[in-house]
2 protein chains.
Amino acid sequence: MGTKGNINRQRIVEAADRLFYVRGYNQTSFSDISDATGLPRGNFYYYFKTKEDILDAVVESRVESFSQMLDACMQATSDPYGRLQAFVSMPLQSEQVLQYGCPIGTLSAELGKAQSEHDSRVHMTAVFDLLRHWCVDQFVALGVSAARADQLAMDLLARMQGVVLLASVYNDRAFLQRASRDIQAWLETVIKH
Amino acid sequence: MGTKGNINRQRIVEAADRLFYVRGYNQTSFSDISDATGLPRGNFYYYFKTKEDILDAVVESRVESFSQMLDACMQATSDPYGRLQAFVSMPLQSEQVLQYGCPIGTLSAELGKAQSEHDSRVHMTAVFDLLRHWCVDQFVALGVSAARADQLAMDLLARMQGVVLLASVYNDRAFLQRASRDIQAWLETVIKH
DNA sequence: GTCTATACCTTGATAGAC
DNA sequence: GTCTATCAAGGTATAGAC
């Protein structure tokens, strides 16, 4: 298992995960992570060579986290349509979405900006790919062609991202709920060709 | 006119506007603005007391900039439906949207994160409000009730934001074009009640 | 594995000459 | 109005004791 299962490493990743979400990646300093974990700054470099390595670990952690959420949607029902409905209602369950936006979307937007060094645009597509492919699977299971399924998956993710962004900008829970229902209604019409 | 019409002040705001878009607000330093304008760092404090004051000026600049774009949509046609169509196709005209996302959406996401000091969440709603109210006006002109018009305006902005976000994450121009056409088609069905 | 101390740089901001 | 010089604080990263 190497150092990857170390308890202190886990605490660092968990604290960084939350801080990157609440404060943003660039605005999170080693001191912030140190304060949150109680571990001294210098200790971080035993587990991670650079701050970007911490980011990689956080992204990996979010992939696993969202993977578990998708598994939960899978176990809720065997109906692909019901699974997609559960997927759409995911942001409604989160308390912090209105305050800090989508953890995937906001971090992607931040990392999509020009970095001083090498463009590390690769990072967040991993999480989006996970959701995208899962949605594609559900649409395909509903009898949609592969090409059309990918279109629908992109449309679905785009609509959810837009709704969450606007809802967080205006801190408008009513809009988040109403627009989520609209997406679910749209899903229904789309399935029926 | 005071110092607001000063040519050097304008250069600072223009450079900051571009840098805040390309690199993000937090990742843009006074040195960056200094390099872009040729003006020494210390000069900035003659026009702006803090970095946040520069941000305010940039937001004000973007409000004017988007206000002009909306005027262009207004003068293109007297048909509110055609004006909304022109509005939806705005991201297609921009070369940089695929690379850096929406200048309004990405900055809003960045500023929506918890700041160390006072929550300056107020900033970017100004630009969104501008677009929102303009869209409401167009829907109302089409005979929609005020309440329904605001719903449609929010839906439209959310869909555009989501499309631009996904398109920039995947650097996918084809998706941006296809999804924009879908939004325009949705607009048509919505107008016909 | 864990921690302290610190190097080195960049940041936003200030003081004051011209 | 414009510029240089500099400050104090904070950033990432490193060295090395324990």
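These numbers were taken from a predicted model, which means no experiment stands behind them. Throughout, a chain's letter reflects where its sequence line sits, starting with A, and its residues are numbered from 1.
The distance from atom CG of A:Asp17 to atom CD of A:Gln10, rounded to the nearest 0.5 Å, is 12.5 Å. Note that CG of A:Asp32 and CZ of A:Arg18 are 12.0 Å apart. Values are rounded to the nearest 0.5 Å. Separating the CZ atom in A:Arg83 from the CZ atom in A:Phe139 is a distance of 13.5 Å, to the nearest 0.5 Å.
The aromatic rings of B:Tyr21 and B:Tyr100 lie perpendicular to each other, with more than 60° between the two planes, well past the 30° mark.
One can place OH of A:Tyr47 at 6 Å from C1' of C:dG1, the figure rounded to the nearest angstrom. Summarising the geometry, the separation between CD1 on A:Ile54 and C1' on D:dG11 is reported as 13 Å, rounded to the nearest angstrom. Rounding to whole angstrom units, CZ of residue B:Phe30 and P of D:dA8 are separated by 19 Å. Regarding A:Arg41, its CZ atom lies at a distance of 15 Å from the C1' atom of D:dA15, rounded to whole Å. Atom CD of A:Gln27 and atom C1' of D:dG10 are 12 Å apart (whole Å). We find that NZ of A:Lys51 is positioned 5 Å from P of D:dT12, with the value rounded to whole Å. Atom-to-atom, CG of B:Leu55 to C1' of C:dG12 comes out at 15 Å; the value is rounded to the nearest Å. One can place CZ of B:Arg23 at 13 Å from C1' of C:dT11, the figure rounded to the nearest angstrom.
At least one side-chain nitrogen or oxygen of A:Ser29 sits closer than 4.0 Å to the OP1 or OP2 atom of D:dG11. Neither OP1 nor OP2 of D:dT14 sits under 4.0 Å from any side-chain N or O of A:Tyr45. Taking side-chain N and O atoms only, A:Asn6 has a distance below 4.0 Å to OP1 or OP2 of C:dT2. Not one side-chain nitrogen or oxygen of B:Asn43 sits closer than 4.0 Å to the OP1 or OP2 atom of D:dG1. Contact annotation: B:Tyr46 side-chain N/O to D:dG1 OP1/OP2 distance is under 4.0 Å. Proximity of B:Ser31 to the phosphate of C:dT11: a side-chain N or O atom is located under 4.0 Å from OP1 or OP2.
At a threshold of 4.5 Å between non-hydrogen side-chain atoms, the residues A:Met69 and A:Phe87 do not count as touching.
Contacts of B:Thr28 with the nucleic acid, taken as non-hydrogen atoms under 4.0 Å apart, involve only primed sugar atoms and P, OP1 or OP2.
Among C:dG12, D:dT14, D:dC3, the nucleotide with an atom closest to any side-chain atom of B:Leu39 is D:dC3.
Closest-nucleotide positions on DNA chain D for A:Asp32 and A:Lys49 were compared, and the one nearer the 5' end corresponds to A:Asp32.
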